[in-house]
Amino acid sequence: MIVKGARVLDGSANAMMKGKGTEDDRPWQSYHTVYTTAKAGMELVDKEKVQRVVYEMSKGSKYFQNEERKEAFIKQKIDNLRIQCANLTQEDLAHYQKVADRRIVELEASRDLSRIWLHVDMDAFYAAVETLSNPTLKGKPMAVGSMSMLSTANYEARKFGVRAAMPGFIARKLCPELIFVPTDFKKYTYYSDLTRKVFGRYDPNFIAGSLDEAYLDITEVCRERNVKSEEIAQELRAGVYEETGLTCSAGVAPNRLLAKVCSDINKPNGQYVLPNDRMAVMTFVSSLPIRKIGGIGKVTEHILKGVFGINTCEQMLEKSSYICAFFSQSTADFFCSVGLGLGQTDSPQVRFRKSISSERTFSATKDEVLLHKKLEELAEMLSADMQKEGLSGRTLTLKLKTASFEVRTRAVTLQKYISSSEDILKHAKKLLQAELPISVRLIGLRVSQFNGDKCSAKSDPTQKTITNFITSGDVNRNCSSFPDVADHDFVSNAETDMSIDSRQTGQLDWRDPFDGNYLSDVDYQSCTVQKSDGVEEVSLSPLVLPYITGFRN
DNA sequence: GCGGATCAC
DNA sequence: TATGGTGATCCGC
Ligand SMILES: Nc1ccn([C@H]2C[C@H](O)[C@@H](COP(=O)(O)OP(=O)(O)OP(=O)(O)O)O2)c(=O)n1
Ligand SMILES: [Mg+2]
């Protein structure tokens, strides 16, 4: 037994810790920035140098210290999980393997290769739009945003390691020539609308994600015109360029999850088609790093790699017994689906907003008069946004980010629905009062539980009804856990966005990443059978498995 | 229902 | 000098 666990232990973190003085000689190597994923256009970047510069610029800051704290927390989580992993008995593993195998068979049976999905994503969108407005920027490294934060960077700047979500002052260190352009959401919204008109030619019901991307079901177009998906993709991209002067990239695959992965492969200004063939899908997915999958971010990647040695989607299946042992069923389903290359193939699903919020960052202060003023402004902004959509809600959440970057939220659920700035402020003040004194750098307000929301069921009065979702019995299955875009009717989309710098902007994309903690505290065990490896259908009864974490602080 | 965390863009 | 804003989901209480 244990052998398996031990092997996992050897494989990951140990390897990283060996080698000489990693910690002492090259401290930046152990600082895991968020800029880890291989973004398009950054293949030739000297990652070691970028890492070092980012580290040098960040070292010692409040932000950095908080990142270190969070990282230590995750590291401990991984250590605990590995111990639990090593403690699994042969019997445990045999059981979980059965559970996993059965789930995999069920998931496989759900595979649908009948649809052709196309994901289109604009290249360096904000930056490209700014270059249209000011052609002298062409060919020069440029970023959209401020000295504090960048929204994105063009491909010339990416060669230096400059990218979205990077503070401008660090970017300038990486690329002294970098040109900064402030964000202008009106422009982005205008061009976004132009691209969507083109998308509509190929799928009137296309699913708009953020301003710069969309999913199109091109099954019908391909069939009606008897053309290959590749030609549709070419034509669509040419159309977008013609209408806007902007380039984009496209990915075609049997489902949205894979189409999204594909659109990134030949970016910028390229496309990639994954045929509707099971073997092609399995081959594609086998070597695919899990981090490429939407919904698997930095932390999930670290945990899966550090605890189970999972790097590729294929390994999700190889380690499926461990996955079923440690994660909730919906999360395990998602991970196994990824291993099988499965994803959403249906089109409907219209989502409704579930919350609305407003938040602002400012220089940290504990001045209560000032904080109250900020709160008042936020209440007014939020109320105004709610009026625009005729919303009122009964849960109010106050968000604070302390001077040390720790985030706190405090919520109240009221008897009555509120929407006026006065009502919001009245309750927000009480929430804030309870936290004083405190030095914060951000305050946010969020309202949820809208009037008209169906608490248990789903249908929404606003109009379109959500069709699927965890409807009737059929618990889980690949329902909500799949990262995947919803949102439809791009109409009414334009506006209310927020930019990085401070200004208002508009954005209205909403995805539904599965995400979350996904660590299952309970799991399934054959309650009676013991072993008797027969076909015996193990009844899934919750069993308290490790439950590793729980150490919150 | 609350609070923390993760993720995407 | 300086590390964003909006929305969603999930887990464990
Ligand atoms: N952390 C982020 C990431 C992106 N964006 C904005 C700016 C981008 O222009 C736009 C689209 O995001 P993408 O991830 O598609 O990035 P780009 O379109 O800029 O580049 P590319 O798609 O070519 O990689 O969303 C943002 O505000 N904050
Ligand atoms: Mg893009």
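Numbers restart at 1 for each chain; the letters A, B, ... are given by sequence-line order, proteins then strands.
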salt_bridge(A/Lys298, A/Glu301) N-O dist < 4.0 Å: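 Salt bridge: no.
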
Between A/Asp123 and A/Lys267, does at least one N-O distance fall below 4.0 Å, as a salt bridge requires?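 Looking at A/Lys267 together with A/Asp123, the answer is yes, because their closest N to O distance falls below 4.0 Å.
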
Counting only side-chain nitrogens and oxygens, does [X] get under 4.0 Å of the OP1 or OP2 atom of [N]?
X        : N      : value
A/Arg441 : C/dG4  : yes
A/Ser148 : C/dT3  : no
A/Ser357 : C/dG5  : no
A/Ser328 : C/dC10 : no
A/Arg353 : C/dA8  : no
A/Arg69  : B/dA5  : no
A/Thr300 : B/dC7  : yes
A/Thr409 : B/dG4  : yes
A/Arg410 : B/dG1  : no
A/Arg408 : B/dG3  : no
A/Lys354 : C/dT9  : yes
A/Thr331 : C/dC11 : yes

Out of [options], which has the shortest distance to the side chain of [X]?
X        : options             : answer
A/Phe405 : C/dT6, C/dA2, C/dT3 : C/dT3
A/Thr413 : B/dG1, C/dG7, B/dT6 : B/dG1
A/Ser58  : C/dT3, B/dC2, C/dA8 : C/dT3

To the nearest angstrom, how far is [X] atom [atom1] from [N] atom [atom2]?
X        : N     : atom1 : atom2 : answer
A/Asn66  : B/dG4 : CG    : C1'   : 13 Å
A/Arg163 : C/dT3 : CZ    : P     : 19 Å
A/Phe169 : C/dT3 : CZ    : P     : 7 Å
A/Leu150 : C/dG5 : CG    : C1'   : 15 Å
A/Ile443 : C/dG5 : CD1   : P     : 12 Å
A/Phe180 : C/dT1 : CZ    : C1'   : 14 Å
A/Leu257 : B/dC7 : CG    : C1'   : 14 Å
A/Met147 : C/dT3 : CE    : C1'   : 13 Å

Hey, does [X] reach any base, or is it just sugar-phosphate, or nothing, if we go heavy atoms under 4.0 Å?
X        : answer
A/Arg394 : sugar-phosphate
A/Ser61  : base
A/Leu442 : sugar-phosphate

Starting at the 5' end of DNA chain C and moving along, which residue's nearest nucleotide shows up first, A/Arg446 or A/Pro167?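 It is A/Pro167 whose nearest nucleotide is closer to the 5' end.
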
Going by atom types alone, do A/Ser61 and A/Ser58 pair a side-chain donor with an acceptor below 3.5 Å?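 Short answer, no.
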
For A/Arg446 and A/Thr395, indicate whether the former's side chain and the latter's backbone hold a donor-acceptor pair under 3.5 Å.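 Checked: no pair found.
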
Looking at A/Trp28, is its backbone amide N or carbonyl O close enough to the side chain of A/Gln51 to form a donor-acceptor pair, meaning the two atoms are under 3.5 Å apart?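 Yes; at least one donor-acceptor contact below 3.5 Å.
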
Report the residues that fulfil side chain to side chain contact (heavy atoms under 4.5 Å, CB included) with A/Lys70, sequence neighbours left out, ordered by chain and then residue number.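 Per chain and number, A/Lys70 pairs via side chain to side chain contact (heavy atoms under 4.5 Å, CB included) with A/Asn66, A/Glu67.
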
Expressed as a whole number of Å, how far does the P atom of B/dA8 sit from that of C/dT3?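 Nearest-Å result for B/dA8 against C/dT3 at atom P: 23 Å.
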
Let me have the donor-acceptor pairs involving side chains of residues 164-178 of chain A, under 3.5 Å, with sequence neighbours excluded, atom names and distances please.
none

Polar pair under 3.5 Å, donor/acceptor by atom type, side chain A/Thr361, base C/dT3: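 No.
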
Need to verify one output field. Residue with the more 5' nearest nucleotide on DNA chain B, A/Lys70 or A/Leu414?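 Result: A/Leu414.
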
